[in-house]
Amino acid sequence: MTVGRRHDGSPRVVVTGIGVKSPAGNSLEEAYATVLSGKSQATHLPELMDAGLAVTFGCPVPEFDTGVYFGTVENRHLDRATKLGVAAAADAVADSGQDFRTDPDRSGVYVGTGGVNLASTVTLAGHQHDGDLSRVPVIAVPMIMPNSTAARIAIRYAVQGPCLTVNAACASGATAIGEAMLAIRAGRIDRAVTGGVDALLTPFFMAAFARLGALSRRNQAPAEASRPFDGARDGFVMAEGAAFLVLERLEDADRRGATIYGEISGYAATTDAAHIVKPRDDGAMVARCMRAALGDAGLAPAEVGHVNTHGSSTMVNDRAEAAAIRACFGHPAPPITATKGVTGYLLGAGGAFEAALALLCGRDGLVPPIANFIAARGTPDPDVAGLDIVHAQPRETAPAPALSTSIGFGGHNAALVLTPL
């Protein structure tokens, strides 16, 4: 078995480029530092306050200069989500030093999203209320196509291999990364740019999620609202963002002298097949997904350095995920964190963003603290009993593989194992 081969003889797939556009920052370095700080990025948003919504705060991407990435015409023709996704992918490709125009049919684009372009669809549909459908913009169709982000990335880099859009709700980004990795392992492509994007931080979708009862109602203290695994959690905080990785075979990265962040060593996906918005209370399918990802990586549970959980800050999701961690790891389980305490809920982009951060944390031996987790509230929360929850400050550990989990509406589960090299 060569250094470039896995335990099953297939090629090892590594990450050589990362790009992010997130509430924690618009560069990987800035986002990493913000997540390690444990400081929530939630804030009131004027457009939500003006709309008189029940929830008036979220986690937007700050100071995103679209002019750096797009010309005037292109800027007019792209919606917010596509701009975030293409820009994050562009940063990842530049970071990798990879030339996707070489052997374009051996390159792929895999984009995960829970609702990309839906915000534009709702906005453009407003023209019907004027009673004059002739006013629908010419750019409406290419703007609202669900595959718009993937297609724009492929056009920008002349990619002629697979160009796929994955929709698995909030597990979309992680699923896209896993499927791209499998395609490289199988020899169908040599390289891929893959990740997730979503931007639904608008009055209509905030109202819809609030009606569902999914959002925190802490309007008086937005920075304290997202609190994964905390006993006083009352819902998630909506966010927007994008995160993309460049993947390729280890031997190819070594041959061209690329900087390697680490390996995507394991991946699995399962489905609860139980409820359209709630995970199974026992977390059984999430635990099965975790075990399968570890099996794919050839790792025992004890070899995992930390778990970057989905950690939504909803009562039912965190309870189910805590049960899954106990079922997968037993006692003691590895330290756990949840970046959504800082960034809010990035929907389909979350799994990709969290995988990127877990890769860096596993490499550096640091586990970020969960924002707003209060260790001593008098009566311990039984949902998290026995779990080693990192809070208050980063935890120093030995460099080790990290497990990143994602859970989406519809019962979609995905898990990635990120291994430092």
Original post:
Between N308 and T337, does any side-chain donor sit less than 3.5 Å from a side-chain acceptor?
Top reply: no
Original post:
With K340, which residues qualify under salt bridge (Lys or Arg N to Asp or Glu O under 4.0 Å), at least two apart?
Top reply: E354
Original post:
So, does H412 use its side chain to make a donor-acceptor pair with the main chain of N167 at under 3.5 Å?
Top reply: no
Subject >> Donor-acceptor pair between T405 and H310 side chains, under 3.5 angstrom >> reply: no
**OP:** Sorted by first residue and then second, give each ring-ring contact (aromatic ring centres under 6.0 Å, His included) pair with at least one member in residues 171-213; sequence neighbours left out.
**Re:** F209-F236
Original post:
Do we see a donor-acceptor contact under 3.5 Å between the side chains of T72 and N75?
Top reply: no
Subject >> Donor-acceptor pair, side chain of H306 and main chain of G365, under 3.5 angstrom >> reply: no
Subject >> Any donor-acceptor N/O pair, R326 side chain to L387 backbone, under 3.5 Å >> reply: no
Original post:
D234 pairs by salt bridge (Lys or Arg N to Asp or Glu O under 4.0 Å) with which of R227, R217, R218?
Top reply: R218
**OP:** Sequence neighbours left out, what pairs pass ring-ring contact (aromatic ring centres under 6.0 Å, His included) with at least one residue falling in residues 238-267?
**Re:** none
Subject >> Salt-bridge present (R256, D99; N to O < 4.0 Å) >> reply: no
Original post:
Does the pair D254/R12 count as a salt bridge with the N-to-O cut at 4.0 Å?
Top reply: no
Subject >> Whether D318 side chain and S312 backbone form a donor-acceptor pair below 3.5 Å >> reply: yes
**OP:** Kindly check if the number of other-residue, nucleotide or ligand heavy atoms within 6.0 Å of CZ (R156) is above 12?
**Re:** yes
**OP:** Ignoring hydrogens and angles, tell me if any N or O in the side chain of T194 forms a donor-acceptor pair with the backbone of A176 under 3.5 Å.
**Re:** yes
Original post:
Within the distance-only criterion (no hydrogens, no angle test), does the side chain of R291 pair as donor or acceptor with the backbone N or O of A327 below 3.5 angstrom?
Top reply: yes
